[in-house]
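Report on the structure given below.
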Amino acid sequence: MELKRLLHVVLSFWLLLCIGCSDGRFVVEKNSLTVTSPEKIKGTYDSAIGNFGIPQYGGSMAGTVVYPKDNQKACKAFDEFSISFQSKPGSLPTFVLVDRGDCFFALKVWNVQKAGASAVLVADDIEEALITMDTPEEDSSSSKYIENITIPSALIQKSFGEALKKAISGADMVNVNLDWRESVPHPDDRVEYELWTNSNDECGVKCDMLMEFVKDFKGAAQILEKGGYTQFTPHYMTWYCPQAFTISKQCKSQCINHGRYCAPDPEQDFSSGYEGKDVVIENLRQLCVFKVANESNKSWLWWDYVTDFQIRCPMKEKKYNKECADAVIKSLGLDSKKIEKCMVDPNADADNPVLKEEQNAQVGKGSRGDVTILPTLVVNNRQYRGKLAKGAVLKAICSGFEETTEPAVCLSDDVETNECLDNNGGCWQDKAANLTACKDTFRGRVCECPLVDGLQFKGDGYSHCEASGPGRCNINNGGCWHKSQDGHTYSACVDTGDVKCQCPPGFRGDGINSCDDIDECKEKKACQCPECSCKDTWGSYECTCSGDLLYIRDHDTCISKSGTEVKSAWAAVWVILIGLAMASGGAYLVYKYRLRSYMDSEIRAIMAQYMPLDSQSEVPNHVSEDRA
């Protein structure tokens with residue numbers, strides 16, 4: 001176990017540092033710093049451009065240098081000391097001089113920027129050749145402020161820093177001019193630039209920043225490339241495995257071609273997840289994608305492939321593989337066979353021509369030093385220093401053009417790629433309904449399922465988009481089968497429920513591509529009575545009866561038309577007779593009731609004259625009165 005851990009450490013260290021085994025060199029990119037006053041230190045000095053913030057490539061900046069009385073190393077926020085470097089209206093911008101040491105370069109610049117300064121000069125604390133101020137390694141806390149640094153910074157030599165401090169302490173006004181106009185050479189009307197990158201998306205903060213830049217810069221890069229203004233070349237860093245370890249399990253998992261081309265393990269864990277050789281193979285595939293696209297005069301498709309692969313095939317979702325890569329290649333209309341041929345056999349004990357060329361390119365030539373930092377951008381053979389952001393990089397590239405030869409994209413923020421005009425940008429498309437998931441934006445084309453008449457399509461935007469919810473049948477019939485015939489329209493689309501496409505009654509099929517008419521007569525599904533004659537029609541059937549018979553569809557039977565008429569007539573007669581009988585009976589009952597009531601009242605009146613009822617009061621006796 002201890003031996004494996006030691007081997008892991010040795011291999012990781014070798015993979016990170018063996019580039020130095022080549023007799024290369026690291027070149028520090030510089031800009032010019034000119035002191036215009038006071039007279040005693042007036043002159044031009046070298047300064048090293050910081051690898052963060054936004055250098056003003058192609059321009060210059062004048063300002064006044066100040067040296068703070070407190071927090072001189074700028075490792076703390078200046079508001080703790082009630083110090084502000086905000087320039088007063090009408091005055092020159094403030095350049096703050098700070099000392100090297102005790103904290104990251106980027107943190108110093110961030111603290112000075114928050115205090116209102118326009119630029120930062122960092123004085124070295126020892127006498128040595130200038131170095132490049134780089135960002136901290138994968139530190140999530142530092143990444144939060146690094147991406148927000150917008151002011152330029154530069155490292156100056158210790159002796160020059162001491163001279164500036166002495167002049168400031170003597171109450172002299174120190175005015176300087178930072179000049180980036182010659183930082184990028186501009187020999188002609190075309191800019192050559194290259195990006196050293198990596199397909200690994202699990203390497204931390206720097207990988208996230210790199211992929212974010214590629215997505216943001218894609219649109220501008222494709223405009224420049226399509227217009228012939230630039231010549232772009234992607235590169236990928238690889239290392240070789242030490243001879244002593246080429247047969248080890250660890251080396252075999254990180255390398256291809258018997259240890260010739262290697263990459264560090266994505267998760268820094270040899271026992272799980274993806275391996276370094278998976279990254280090398282995908283890097284090789286992306287190089288071949290560029291090569292094949294370039295041969296067809298569509299080199300800008302590399303930007304589409306890289307961004308689409310990162311979105312569709314992430315390591316976290318276990319899709320970082322050949323199958324997913326082939327799907328992206330197919331969507332962009334690239335020749336997969338040519339790409340496979342370009343990649344050659346990764347298991348062969350021989351050099352890979354493409355990767356061998358990449359290793360040779362890592363070694364510095366001419367004015368460009370070795371490539372040892374990922375990512376690295378090189379413009380006109382000069383390494384770019386600063387924040388890897390669309391605006392900053394575009395400015396650096398545009399500064400590489402000869403004056404008056406800049407393309408329109410360098411003079412305007414309005415960037416449209418029009419990628420959707422070619423092969424629909426590799427996105428989902430429904431030609432029948434004239435719908436597409438491709439959208440042109442200032443960041444290049446994106447594949448997002450559309451929103452049509454308030455109905456949102458859902459899917460990945462690349463190979464699949466589907467209408468969802470009520471009203472889906474109103475748009476291209478919901479993607480279901482439909483057909484019109486004999487004045488009738490039949491549809492398999494269902495607006496409600498889980499079933500989306502279901503063939504209507506009288507049809508059979510998947511409901512999406514086809515619904516075939518069912519022959520009810522042949523399959524004996526209807527019109528089966530002995531007297532019936534069946535005829536199939538589109539989506540239904542016709543059934544007739546022989547002779548003077550009538551077909552009853554609900555009961556699938558035939559009955560006599562005349563019998564039906566006689567029965568109907570007798571039924572009507574009986575209804576009339578019964579009605580008359582009921583009416584007569586009712587009238588008789590009413591008559592009898594009224595007659596009986598009349599007779600009862602007469603009898604009561606007569607009897608009341610001779611025998612008064614108990615319930616009645618005594619009736620006056622007219623006879624007695626007459627006798628008296």
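If you read the sequence from its start, that first residue is 1, and numbering goes on from there. These numbers come from a predicted model, not from an experiment. The analysis underlying the following values was restricted to heavy atoms, covering all of them including side chains, and did not include hydrogens, waters or symmetry mates.
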Item checked: Side-chain donor-acceptor contact under 3.5 Å, Thr132 with Asn51 -> no
Note to self: List the residues meeting side-chain contact (heavy atoms from CB on, under 4.5 Å) with Lys341, not counting sequence neighbours, and say none if there are none.
What the structure shows: none
Notebook entry, point to check: Hey, is the main chain of Val378 close enough, under 3.5 Å, to the side chain of Gln383 for a donor-acceptor pair?
Noted result: no
Notebook entry, point to check: For Phe507, what residues pass the ring pair (Phe, Tyr, Trp, His ring centres under 6.0 Å) criterion, not counting sequence neighbours?
Noted result: Trp481, Tyr490, Trp538
Margin query: I'd like to know whether Met237 forms a side chain to side chain contact (heavy atoms under 4.5 Å, CB included) with Leu374, so could you lay out the CA-CA distance, the side-chain angles of the two residues, the decisive distance to 0.1 Å, and finally the verdict.
Written below: CA-CA 8 Å; Met237 292 178 69; Leu374 274 179; 3.4 Å; yes
Note to self: Within this structure, what is the CG-CG distance for the pair Leu435 and Asp430, rounded to the nearest 0.5 Å?
What the structure shows: 5.5 Å
Notebook entry, point to check: Listed by chain and number, what are the side-chain contact (heavy atoms from CB on, under 4.5 Å) partners of Asp208, not counting sequence neighbours?
Noted result: none
Margin query: Tell me which one of Cys255, Cys251, Cys241 satisfies disulfide bond (SG atoms under 2.5 Å apart) with Cys262.
Written below: Cys255
Notebook entry, point to check: Can you tell me if CD on Glu466 sees more than 12 non-hydrogen neighbours from other groups inside 6.0 Å?
Noted result: yes
Checklist line | Main-chain N/O of Cys493 paired with Ser491 side-chain donor or acceptor, under 3.5 Å | finding: yes
Notebook entry, point to check: What residues, two or more places apart in sequence or in another chain, satisfy side chain to side chain donor-acceptor pair (under 3.5 Å) together with Ser463?
Noted result: Asp460
Item checked: CA sep, side-chain torsions, deciding dist, call: Leu355, Ile256, side chain to side chain contact (heavy atoms under 4.5 Å, CB included) -> CA-CA 10 Å; Leu355 292 178; Ile256 65 173; 3.8 Å; yes
For residues 331-339, please give each side-chain donor-acceptor pair under 3.5 Å, one per line with the distance, not counting sequence neighbours.
| residue | atom | partner | partner atom | Å |
| --- | --- | --- | --- | --- |
| Ser331 | OG | Val328 | O | 2.7 |
| Asp335 | OD1 | Lys337 | N | 3.0 |
| Asp335 | OD1 | Lys338 | N | 3.3 |

Notebook entry, point to check: Taking SG to SG, are Cys503 and Cys515 separated by less than 2.5 Å?
Noted result: yes
Notebook entry, point to check: Where do Asp351 and Arg260 land on the side chain to side chain contact (heavy atoms under 4.5 Å, CB included) test, with the steps shown first?
Noted result: CA-CA 7 Å; Asp351 286 335; Arg260 287 175 172 83; 3.1 Å; yes
Check: Taking only residues two or more places apart in sequence, or in another chain, which ones meet Glu340 in a salt bridge (Lys or Arg N to Asp or Glu O under 4.0 Å)?
Finding: Lys322
Item checked: side-chain contact (heavy atoms from CB on, under 4.5 Å) partners of Asp345, counting only residues at least two apart -> Asn347, Ala348
Check: Counting N and O atoms only, with roles assigned by atom type, does the side chain of Asp308 sit under 3.5 Å from a partner on the main chain of Arg312, one being a donor and the other an acceptor?
Finding: no
Margin query: Testing Trp303, Trp302, Phe309 one by one against Tyr305 for a side chain to side chain contact (heavy atoms under 4.5 Å, CB included), which residue passes?
Written below: Phe309
Check: Does the side chain of Gln359 come within less than 4.5 Å of Glu357's, by heavy atoms?
Finding: no
Next item on the list: Using a 4.5 Å cut-off on heavy atoms from C-beta on, say whether the side chain of Asp278 contacts that of Met315.
Entry: no
Note to self: Any heavy-atom pair between the side chains of Tyr462 and Trp428 that's under 4.5 Å?
What the structure shows: no
Checklist line | Salt-bridge contact Glu358-Lys356 (side-chain N to carboxylate O under 4.0 Å) | finding: no
Next item on the list: Evaluate whether the separation between SG of Cys480 and SG of Cys473 stays below 2.5 angstrom.
Entry: no
Notebook entry, point to check: Under the 3.5 angstrom rule, does the side chain of Asn198 hit a backbone N or O of Pro375 as a donor-acceptor pair?
Noted result: no
Notebook entry, point to check: OG1 of Thr307 to CG of Asp216: how many Å apart, nearest 0.5 Å?
Noted result: 11.0 Å
Check: Are any side-chain N or O atoms of Gln254 and backbone N or O atoms of Asp265, one a donor and one an acceptor, separated by less than 3.5 Å?
Finding: yes
Next item on the list: Report yes if the side chains of Glu202 and Val279 come closer than 4.5 Å at any heavy-atom pair, otherwise no.
Entry: no
Next item on the list: Only counting residues at least two apart or in another chain, list the ones meeting side chain to side chain donor-acceptor pair (under 3.5 Å) with Asp453.
Entry: none
Checklist line | Backbone of Pro450 reached by a side-chain donor or acceptor of Gln456 within 3.5 Å | finding: yes
Next item on the list: Could you tell me which non-hydrogen atom of His235 sits nearest to which non-hydrogen atom of Ala361, and how far apart they are?
Entry: CE1-CB, 4.3 Å
Note to self: Please determine whether side chain to side chain contact (heavy atoms under 4.5 Å, CB included) holds for the pair Arg382 and Asn380, giving the CA-CA distance in whole Å, both sets of side-chain angles, and the decisive distance to 0.1 Å.
What the structure shows: CA-CA 6 Å; Arg382 293 282 182 86; Asn380 282 352; 5.6 Å; no
Margin query: If you define the side chain from C-beta out and look only at heavy atoms, does anything of Lys298 sit under 4.5 Å from Lys226?
Written below: no
Checklist line | Closest heavy-atom pair and its distance - Asn200, Cys207 | finding: O-SG, 3.2 Å
Checklist line | Set of residues satisfying ring pair (Phe, Tyr, Trp, His ring centres under 6.0 Å) with respect to Tyr236, sequence neighbours excluded | finding: none
Item checked: Cys465/Cys449 sulfur atoms closer than 2.5 Å -> yes
Next item on the list: For residues Glu282 and Arg285, report the shortest heavy-atom separation together with the two atoms involved.
Entry: OE1-NH1, 2.6 Å
Checklist line | Interatomic spacing from CD in Gln222 to CZ in Phe232 - rounded to 0.5 Å | finding: 10.5 Å
Margin query: Using 0.5 Å steps for rounding, measure from the CD1 atom of Ile329 to the CG atom of Asp304.
Written below: 13.0 Å
Next item on the list: Please report the closest heavy-atom contact between Ala437 and Gly461, naming both atoms and the distance.
Entry: CB-O, 3.4 Å
Check: So, Asp201 side chain and Pro314 main chain: donor-acceptor pair closer than 3.5 Å or not?
Finding: no
Margin query: Under the rule for side chain to side chain donor-acceptor pair (under 3.5 Å), what residues qualify as partners of Asn352, not counting sequence neighbours?
Written below: none
Item checked: Heavy-atom closest pair, residues Ser153 and Phe52 -> OG-CE1, 3.5 Å
Next item on the list: Give the minimum heavy-atom separation between Val191 and Ile397, together with the two atoms involved.
Entry: CG2-O, 3.4 Å
Item checked: side-chain contact (heavy atoms from CB on, under 4.5 Å) against Ser299, all qualifying residues, sequence neighbours excluded -> Glu225, Phe290, Asn294
Check: Ser253: what forms a side chain to side chain donor-acceptor pair (under 3.5 Å) with it, not counting sequence neighbours?
Finding: none
Check: Any chance the SG atoms on Cys438 and Cys447 come in under 2.5 Å?
Finding: no
Item checked: Spacing of Phe217 atom CZ and Leu388 atom CG [to the nearest 0.5 Å] -> 9.0 Å
Check: Rounded to the nearest 0.5 Å, how far apart are CG of Leu195 and CG of Leu210?
Finding: 6.0 Å
Checklist line | Residue pair Asn257 / Asp349, side-chain donor-acceptor N/O under 3.5 Å | finding: no
Item checked: side chain to side chain donor-acceptor pair (under 3.5 Å) assessment of Tyr240 paired with Thr246 -> CA-CA 9 Å; Tyr240 62 88; Thr246 53; over 6 Å; no
